[in-house]
Undergrad: 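Would you mind keeping the following structure in view while I ask a few things?
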Number of protein chains: 2
Amino acid sequence: MPQAHAMQPGRQKDSRKAILDAAERAFADFGFGGASIRAIARDAGVNQAMIHYYYQNKDLLFSAVVERRAGEINDRRNKALDALFDNAVPTLEELVEALLRPTIELGHDVERGGDAYARLIVYFNNSADERSQRVAEQNYDPIARRSIDAIMKVLPQLGRADAVRGYLFAISVALSVMAKTGRAARLSDGLCDDSNTEETVSTVVAFACAGIRSLANGAAGTRKD
Amino acid sequence: MPQAHAMQPGRQKDSRKAILDAAERAFADFGFGGASIRAIARDAGVNQAMIHYYYQNKDLLFSAVVERRAGEINDRRNKALDALFDNAVPTLEELVEALLRPTIELGHDVERGGDAYARLIVYFNNSADERSQRVAEQNYDPIARRSIDAIMKVLPQLGRADAVRGYLFAISVALSVMAKTGRAARLSDGLCDDSNTEETVSTVVAFACAGIRSLANGAAGTRKD
DNA sequence: TTATTAATTAAACGTTTGATTAAAACTCAT
DNA sequence: ATGAGTTTTAATCAAACGTTTAATTAATAA
């Protein structure tokens, strides 16, 4: 049985972390089925049996990859929500930014491998298979429910179904930026940058907030331009 | 060498179509790497060598699956754009609906297998790997460029980079509905339906248009609710 | 030092993968 | 019915797959 944390820091290489990092990249690049344990082991610089030694099987490895990052992201989101609702009711912009910023910032943190995890979120968030929905449910449903409740407090005229839609739409817009497919750059002939974190946050937040407010106004609004 | 279309209609089972249908479901459910030629052949009710006989290899099969649907969708989008800009400049709502409706309607057409293709679009649209970007570029970049130009005609104050962002954000919102992950139903305790095509179109169009307009107003808008 | 445990290794397990082959079974005009 | 062309079949290929095993090395405690 592997020990949770047996070595003193720096004394030997941390194979556990190397495996998670490589697996994160592989799952993000090739999906669950396309990623191979052998390639992950090679990329991590460890013997392939080490992966089963620490994570039992491919499914649990996938879960472990997600859990490592989700904890950090949701801690930040929860603390931001605590602060926002401490005294009064925040604006919709403040709320949406609190929800999206942690993920966007991690996605821009290339040195910590956050870009790979961002692509991995995009992957399982948009996949209907049981495994993807399991990690989404376990790691992101609690904060999602809290966020939806928060949206309804900020916009009381919004029904629950529309609050859910608004939350999911906002997430999907934010994730579309983080997929890093290169399509935006291709279609804009390099004009779209997306490397500036603050610009990305403010653009996505503005888009999402305007969209969410349109749900409150009902789909009746017919405009003239 | 396989013939393009050798049998008279109805005389014998069309293995080509059965293969495409089964492959579409497999790629949508398991991704490219997770889908297996053997399982596709079994699901299609054909010998597995037939797949190589008609489509040479897995990569070309994937391309063929996408091309079959993309042609139909983009024909509809192009015709709608022709009609909209025939006499005057349309509203943003008319334009965005013209762009999103064909995909949303196909995604709701379960009998023709449109739901599986919808999930497949979500898959390759959000994947950064070379194969996914190749099919996206070949099948959807031309209509995307035309759509972006159209957005700039409707909202002249919008720069090209923001028009690209607006288009991609709108698409991502529409696709988030079609991923059929079950997450919306889960988070809303069944309140969110998404089976009503017209309701989905009007909700997504309203959200996307409000968002696109927010890009035109600049990210400066600070509101008070 | 010795006993114990944790970490790592190379090798192999049986299975499945995408792909190829050669032969058989069709289809259909002549 | 014959023969050419198209479609389908079963069998097989080497390679890669996830996983397991037994043996070895490294670290820790007694």
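Note that the coordinates shown come from a computational prediction; the quantities given were computed from them, not determined experimentally. A, B, ... follow the sequence lines: proteins, then strands. Residue 1 opens every chain.
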Undergrad: Between Arg16(A) and Arg68(A), is a side-chain contact (heavy atoms from CB on, under 4.5 Å) present by the stated rule, with each step listed?
TA: CA-CA 12 Å; Arg16(A) 299 188 71 117; Arg68(A) 171 174 68 155; over 6 Å; no
Undergrad: Take atom CZ of Phe32(A) as the centre, draw a 6.0 Å sphere, and report whether it contains more than 12 heavy atoms from other residues, nucleotides or ligands.
TA: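 Yes, CZ of Phe32(A) has more than 12 neighbouring heavy atoms, counting only those of other groups under 6.0 Å.
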Undergrad: Any side-chain donor paired with an acceptor under 3.5 Å for Gln133(B) and Arg186(A)?
TA: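 Yes, because at least one side-chain N or O of Gln133(B) sits under 3.5 Å from a partner of the opposite role on Arg186(A).
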Undergrad: Below 4.0 angstrom from OP1 or OP2 of dT9(D), is there any side-chain N or O of Tyr53(B)?
TA: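 Answer is no, no contact under 4.0 Å.
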Undergrad: Do side-chain atoms of Arg77(A) reach the backbone of Leu99(A) as a donor and acceptor pair under 3.5 angstrom?
TA: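 The answer is yes, because a donor-acceptor pair under 3.5 Å joins these two groups.
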Undergrad: Provide, to the nearest angstrom, the distance between the OH atom belonging to Tyr55(B) and the C1' atom belonging to dG18(C).
TA: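 It works out to 17 Å between those atoms.
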Undergrad: Rounded to whole Å, how long is the line connecting atom CE of Met50(B) with atom P of dG18(C)?
TA: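 Distance, rounded to whole Å: 18 Å.
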Undergrad: Whole angstroms only, please: what is the CG-C1' distance between Asp14(B) and dT7(D)?
TA: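 Roughly 12 Å, once rounded to whole Å.
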Undergrad: If the sugar-phosphate is the primed atoms plus P, OP1 and OP2 and the base is the rest, what is the B/S/- string for nucleotides 11-25 of chain D, using protein heavy atoms under 4.0 Å?
TA: -B----BBBBB----
Undergrad: Taking the basic N atoms (NZ, or NE/NH1/NH2) and the acidic carboxylate oxygens, is any pair closer than 4.0 Å for Arg112(A) and Asp109(A)?
TA: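 Counted as a salt bridge, because a side-chain N and a carboxylate O are separated by less than 4.0 Å.
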Undergrad: Any side-chain donor-acceptor pair under 3.5 Å between Arg134(A) and Ser63(A)?
TA: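 On atom types as modelled, these side chains qualify, holding a pair under 3.5 Å.
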Undergrad: Whole Å only: how far is the NZ atom of Lys17(B) from the C1' atom of dT7(D)?
TA: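 To the nearest whole Å, that distance equals 19 Å.
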